[in-house]
Amino acid sequence: MKVYSSQAIKNIALLGNDGSGKTTLTEALLFEGGQTQRRGRITQQNTVSDYFPVEQDYGYSVFSTVFHVERGEKKLNFIDCPGTDDFVGAALTALHVTDTAILLIKGGVGPEVGTQNHFRYTEKLKKPVIFLVNQLDDEKCDFDAVVEQLQMNYGSRTVVVQYPIATGPSFNSVIDVILMKKLTWGVDGGEAQVEEIPAEELEKAQALHKALVEAAAENDELLMEKFFETEQLNEDEMREGIRKGMATRSIFPVFCVCAYKNMGVGRLMDFLGNVVPFVNEMPAVHNTRGEEVPLDTLAPTSIYFYKTGVEPHIGEVQYFKVMSGVLKVGDELTNADRGSKERIAQLFVSSGANRTPVESLSAGDIGCTVKLKDVRTGNTLNAKGTENKFNFIAYPNSKYTRAIKAKEEANTEKLMAALTRMRQEDPTWVVEQSKELRQTLVHGQGEFHLRTLQWRLEHLDKIPVVFSEQRIPYRETITKAARADYRHKKQSGGAGQFGEVHLIVEPYSDGMPDPTTYNFGSQEIRINVKGREEIDLDWGGKLVFINSVVGGAIDTRFMPAILKGIMSRMEQGPLTGSYARDVRVVVYDGKMHPVDSNELSFMLAARQAFSQAFKEAAPKILEPIYDLEVFTPADCMGDVMSDLQGRRGLIIGMDSENGYEKLQGKVPLKELASYSTALSSLTAGRASFIRKFASYELVPADLQQKLIAEFEKENTDKE
């Protein structure tokens with residue numbers, strides 16, 4: 001295959017809601033570009049995208065697919081991304097390594113919540129966007145209404161480049177307002193017949209042409225001057241203006257195709273080849289030191305690995321983007337993240353499962369390789385003379401969590417190895433060994449996301465697994481001061497055990513002055529601070545430990561053991577076994593024995609004294625509260641609000657964003673266990689949400705009693 005320079009490469013992400021036709025468009029692009037001899041069909045399971053068994057079994061895209069098309073001495077790299085929000089990680093990754101996004105819209109539906117989510121990602125990354133209205137043969141398609149909705153959502157920057165003369169099953173022609181021609185296709189699609197615009201369409205076409213010319217002229221002073229003088233631009237000038245406008249996101253062109261019938265795809269490819277920015281025209285990326293890394297073929301080579309795939313009979317296939325220099329077969333590079341050396345023995349460009357060997361790839365190009373020794377997703381390999389490292393992909397917070405375990409305990413180690421490997425393929429699968437909850441947790445983007453994980457474990461790795469709800473990481477604290485004492489005494493022949501601890505517990509907040517006296521009934525206890533230790537707890541909050549023992553009642557050498565006993569009870573709170581936090585403990589008295597006292601005795605005495613005092617200090621259970629943002633169609637707003645209120649949610653704000661309603665609220669984690677599934681059911685899959693940990697708040701009294709009773713019953717059953 002020909003080696004392309006950076007000046008001839010364009011990288012494009014295909015985004016869109018599930019069912020918008022990205023896989024079908026991929027087949028048409030490959031066919032029109034001469035990469036395939038016939039177009040595959042999803043129903044026949046022979047497409048270049050969606051070639052993994054799990055995708056064919058479930059009928060939706062799970063992984064992104066890289067493919068390329070050569071068109072007019074240019075190389076167009078595409079990444080076809082999954083549409084469902086559960087696999088948003090693939091879309092985000094693609095956007096970071098490409099330079100332009102094609103956002104597909106269903107002609108019969110119009111912009112959806114997925115459109116809004118994808119657009120928000122492009123906005124954050126400042127990527128050019130082309131809106132592509134697909135499925136114009138849908139009998140429900142109303143192109144003008146779709147454009148009106150796009151312009152309402154994304155403003156006047158949304159500019160029509162093509163419009164269909166008629167939509168529905170008879171669709172076969174568009175008016176192209178750059179060319180100012182009518183394009184008509186036969187029943188098999190392919191190359192269009194170019195004709196003059198019919199008289200009845202001329203007025204509409206001229207109005208849209210003028211709007212496009214004006215939008216193009218706004219991005220270049222010379223073009224603007226010519227527009228003011230003549231109100232016209234030629235085709236090359238319009239292309240230049242649109243290119244500059246796309247690069248600054250001041251123009252969002254609207255194209256239309258029927259990918260299934262291969263109508264309009266060739267014209268789209270011409271536009272991509274002529275107008276979309278080349279890789280060397282986009283802003284330079286910065287490395288982790290904040291240094292700009294120009295897309296320079298003369299610079300030392302750096303490549304960034306953005307994806308790992310695992311394929312039968314091959315093993316790991318690692319996908320990368322050349323960030324600078326030229327990568328050649330045989331190059332020896334250093335892994336900036338792991339320090340290891342790697343030799344690039346094989347180099348490919350890919351179209352789904354098909355890989356074509358190449359000798360070299362220039363800066364900006366996308367390729368893949370196999371059989372590397374020690375490379376993980378997110379790693380950077382460098383040639384001698386550079387030490388770049390890239391870490392520019394930020395993935396969204398997880399939305400769905402389940403505890404996972406192997407059905408057969410003997411497979412536990414094998415399961416963990418498989419989960420670690422699969423995390424390389426999809427970084428939005430997050431695996432956590434929770435010491436606190438005593439569970440292995442898998443965090444993902446939704447039920448489908450984790451269902452896919454389960455399918456792969458059970459079908460490919462042959463590890464049957466069980467999912468269950470995660471335990472909630474409650475916290476325990478106290479709301480008033482209390483005191484207790486406990487004597488640990490044990491005599492069983494020989495040296496015995498003896499330790500007695502008197503202590504006070506009270507709630508602690510930052511900035512509290514050290515105590516001087518406490519009053520319990522008629523008893524006043526004076527405090528003389530001899531030692532103070534403030535501990536930032538790993539799970540949040542603090543423990544403040546004060547030694548106020550006078551007269552040698554407890555030797556100082558036993559204080560670390562007393563603190564250890566208290567900490568052990570803080571790690572397994574007295575109420576529900578959850579972590580305790582924000583407590584001040586004052587040890588003010590005790591007793592010891594000259595022979596039988598030892599560290600174990602005082603540790604056990606302190607643990608019991610702390611537990612007793614904690615239960616007398618008006619203890620409270622805290623639960624994790626999450627900030628929630630829900631994006632929903634207006635007609636589902638009432639149902640979504642009612643559902644949130646039924647989940648003990650507090651709605652704190654409502655707004656509109658790009659045609660969708662946005663609800664902001666605070667909801668306990670306990671109530672979010674299956675929220676993604678419930679929201680999808682309520683809105684027929686048209687809503688999405690974002691969640692983020694906010695704070696710990698008090699559990700309602702009735703729920704607290706229920707949690708305590710459940711914990712006591714569980715402990716009793718174990719005994």
(message) Can a side-chain donor-acceptor contact be found between Glu425 and Thr308 if the only test is distance below 3.5 angstrom?
(response) no
(message) Side chains of Glu447 and Thr677: any donor to acceptor distance under 3.5 Å?
(response) yes
(message) Is it true that Asp85 and Ser688 share a donor-acceptor pair across their side chains at a distance under 3.5 Å?
(response) no
(message) Whether the Arg39 and Thr26 side chains hold a donor-acceptor pair (N or O, under 3.5 Å, no angle test) is what I'd like checked.
(response) no
(message) Using ring centroids (six-membered ring only for Trp), state whether Tyr626 and Phe693 fall under 6.0 Å.
(response) yes
(request) Hey, can you tell me if Phe390 and Tyr304 have their rings parallel, tilted or perpendicular (30° and 60° cut-offs)? (result) perpendicular
(request) Would you indicate whether Glu148, at its atom CD, is surrounded by more than 12 heavy atoms from other residues, nucleotides or ligands within a distance under 6.0 Å? (result) no
(request) Measure across Ala94 and Ile79 and return the closest heavy-atom pair with its distance rounded to 0.1 Å. (result) CB-CG2, 3.7 Å
(message) Looking at every heavy atom in both Met282 and Pro128, which two are closest together, and how far apart are they?
(response) CE-CD, 3.8 Å
(message) Going by the rule side chain to side chain donor-acceptor pair (under 3.5 Å), which residues pair with Thr93 if we only count those two or more places apart in sequence or in a different chain?
(response) Tyr395
(message) With salt bridge (charged side-chain N to carboxylate O under 4.0 Å, His left out) as the criterion, how do Arg686 and Asp635 come out once you've worked through the C-alpha distance, each side chain's angles and the decisive distance to 0.1 Å?
(response) CA-CA 11 Å; Arg686 293 185 295 151; Asp635 61 312; 2.9 Å; yes
(message) Any non-hydrogen side-chain atom of Val66 less than 4.5 Å from a side-chain atom of Tyr306?
(response) yes
(request) Flag the pair Leu669 / Thr401 as yes when at least one side-chain heavy-atom distance between them is below 4.5 Å, and no otherwise. (result) no
(message) Looking at every heavy atom in both Asn134 and Ala259, which two are closest together, and how far apart are they?
(response) OD1-N, 3.0 Å
(message) Quick check on Arg38: does its CZ atom have over 12 non-hydrogen neighbours (other residues, nucleotides or ligands) under 6.0 Å away?
(response) no
(request) Give every residue pair that meets the salt bridge (Lys or Arg N to Asp or Glu O under 4.0 Å) criterion with at least one member in residues 86-108, sequence neighbours excluded. (result) Lys106-Glu112
(request) Find the distance between NE2 (His443) and CG (Asn397) and round it off to the nearest 0.5 Å. (result) 11.0 Å
(message) To the nearest 0.5 Å, what is the distance between CZ on Arg267 and CG on Leu272?
(response) 10.0 Å
(message) Before you tell me yes or no, could you show the steps for Asn274 and Lys74 under side chain to side chain contact (heavy atoms under 4.5 Å, CB included), namely the whole-Å CA-CA distance, both residues' side-chain angles and the distance that decides it to 0.1 Å?
(response) CA-CA 9 Å; Asn274 293 329; Lys74 305 177 185 76; 4.1 Å; yes
(message) On a heavy-atom basis, which atom in Asn335 and which in Asp374 lie closest, and how many Å separate them?
(response) ND2-O, 3.1 Å
(request) Find out whether Thr377 and Gln318 are in side-chain contact, i.e. whether some heavy atom of one side chain is under 4.5 Å from a heavy atom of the other. (result) no
(request) Check step by step if side chain to side chain contact (heavy atoms under 4.5 Å, CB included) holds for Lys75 and Val349. (result) CA-CA 11 Å; Lys75 182 186 180 194; Val349 291; 3.3 Å; yes
(request) Might you confirm whether atom OH of Tyr260 has over 12 heavy atoms from other residues, nucleotides or ligands at distances under 6.0 Å? (result) no
(message) So, taking the atom named CG in Leu103 and the one named CG in Asn17, what distance separates them when rounded to the nearest 0.5 Å?
(response) 8.5 Å
(message) Salt bridge check, Asp337 against Arg376: does any charged N sit closer than 4.0 Å to a carboxylate O?
(response) no
(request) Would you mind reporting whether Ile130 and Phe271 have side-chain heavy atoms less than 4.5 Å apart? (result) yes
(message) In the structure I gave you, are the side-chain heavy atoms of Met269 and Val69 within less than 4.5 Å of one another anywhere?
(response) yes
(message) Using 30° and 60° as the class boundaries, would you call the ring planes of Tyr121 and His118 parallel, tilted or perpendicular?
(response) perpendicular
(request) Measure the shortest side-chain to side-chain distance between Phe119 and Asn153 over non-hydrogen atoms and say whether it is less than 4.5 angstrom. (result) no
(request) Tell me yes or no: between the side chains of Asn11 and Asn77, is some donor less than 3.5 Å from an acceptor? (result) yes
(message) Quick check: do Leu361 and Ile366 have side-chain heavy atoms less than 4.5 Å from each other?
(response) no
(request) With the side chain counted from C-beta on, respond yes when Leu419 and Leu453 share a heavy-atom pair under 4.5 Å apart, and no when they do not. (result) yes
(message) Quick check: closest heavy atoms across Lys666 and Ala694, and the distance to 0.1 Å?
(response) NZ-CB, 3.9 Å
(request) Look at Arg691 together with Asp627 and state whether they make a salt bridge at an N to O cut-off of under 4.0 Å. (result) no
(message) A cation-pi test, strictly: NZ or CZ of Lys662 under 6.0 Å from the centre of the six-membered ring of Phe631 and no more than 45 degrees from its axis. Yes or no?
(response) no
